[in-house]
Amino acid sequence: DVQLVESGGGSVQAGGSLRLSCTASGSISRLCMGWFRQSSGKKREGVAALHYDGRTSYSPSLMGRFTISKDNAENILYLQMNSLKPEDTAMYYCAAVIQANYCSGTYLVRAQERGTGYRGQGTQVTVS
């Protein structure tokens with residue numbers, strides 16, 4: 001099992017920045033970890049992902065504004081979000097899949113839909 005706990009959400013004005021954190025515990029070796037988001041009335045959207053071998057993947061629409069990284073010593077996954085826009089308003093979820101050969105935000109969303117992934121409780125980001 002994998003336990004994920006997010007923090008760092010909040011309210012920010014357009015153009016501002018936030019950094020989300022996700023602390024992982026449990027069976028955390030060889031994970032695909034990342035973030036997806038969901039806003040009211042919309043489908044889940046993959047944001048970014050980080051494979052245990054260091055590969056990163058981003059939603060093309062978000063690349064350049066969002067950066068995913070990980071503190072391996074502390075087992076904390078980060079999502080640095082810059083130049084935030086009102087359309088970035090959503091609940092952001094940290095997600096993980098064990099021993100995945102492929103890793104992307106979309107893959108993490110699909111794993112949630114299949115019931116084969118893990119996620120945290122979510123952290124709200126509101127941009128006005």
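For T56 against I68, the heavy-atom pair with the smallest separation is CG2-CG2, 4.0 Å. Residues Q124 and A90 share a closest heavy-atom pair of NE2-O, 3.4 Å. Closest approach of A48 and Y58 over heavy atoms only: CB-CD2, 3.6 Å. The shortest non-hydrogen separation linking R44 to E113 is NH1-CG, 3.8 Å. Considering all non-hydrogen atoms of both residues, A24 and L4 come closest at CB-CD2, 3.8 Å. Residue R37 comes nearest to D88 through the heavy atom pair NH1-OD1, 3.0 Å, listed as atom of the first residue, atom of the second, then distance.
V125 and L108 are not part of a single hydrophobic cluster, where members link through side-chain heavy atoms under 4.5 Å apart. Linking Ile, Leu, Val, Met, Phe, Trp and Tyr whenever their side-chain heavy atoms come within less than 4.5 Å puts L84 and M63 in one cluster. Residue L79 is grouped with residue V12 when hydrophobic side chains (ILVMFWY) are merged at heavy-atom distances under 4.5 angstrom, including chains of intermediate members. At a threshold of 4.5 Å between side-chain heavy atoms, the hydrophobic network of Ile, Leu, Val, Met, Phe, Trp and Tyr places V2 and L50 in one connected group. Residues Y78 and L62 do not share a hydrophobic cluster, clusters being chains of Ile/Leu/Val/Met/Phe/Trp/Tyr side chains in contact below 4.5 Å.
A 6.0 Å sphere centred on CD of Q13 holds no more than 12 heavy atoms belonging to other residues, nucleotides or ligands. Within 6.0 Å of atom CZ in R65, more than 12 heavy atoms from other residues, nucleotides or ligands are found, so the atom counts as buried in its surroundings.
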Exercise for review: List the steps, then state whether side chain to side chain contact (heavy atoms under 4.5 Å, CB included) holds for M81 with Y92.
Suggested key: CA-CA 11 Å; M81 305 185 294; Y92 283 71; 3.8 Å; yes

Practice item. For L77 and W35, run side chain to side chain contact (heavy atoms under 4.5 Å, CB included): C-alpha distance rounded to whole Å, both residues' side-chain angles, the deciding distance at 0.1 Å, then the answer. Key: CA-CA 9 Å; L77 184 74; W35 300 87; 3.4 Å; yes

Point to revise | Trace of the side chain to side chain contact (heavy atoms under 4.5 Å, CB included) decision for S59 with V47 | key: CA-CA 5 Å; S59 167; V47 173; 5.7 Å; no

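T89 places a side-chain N or O within donor-acceptor distance of the main-chain N or O of V127, the cut-off being under 3.5 Å.
Between atom CD of residue Q80 and atom CZ of residue F66 there is a gap of 10.0 Å, rounded to the nearest 0.5 Å. To the nearest 0.5 angstrom, C32 atom SG is 10.0 Å from D53 atom CG. Annotation: the span from I28 atom CD1 to N75 atom CG amounts to 3.0 Å, rounded to 0.5 Å. The structure places CD of E6 at 10.0 Å from OG of S21, a figure rounded to the nearest 0.5 Å. Distance CD1/I76 to OG/S25: 11.5 Å, rounded to 0.5 Å. Going from atom OH of Y118 over to atom CG of D1 covers 4.5 Å, rounded to the nearest 0.5 Å.
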Please set out all donor-acceptor pairs under 3.5 angstrom arising from side-chain atoms of residues 96-105, sequence neighbours excluded.
residue: S104; atom: OG; partner: T106; partner atom: N; Å: 3.4
residue: S104; atom: OG; partner: Y107; partner atom: N; Å: 3.0

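Under the side chain to side chain donor-acceptor pair (under 3.5 Å) criterion, R30 pairs with Y52, not counting sequence neighbours.
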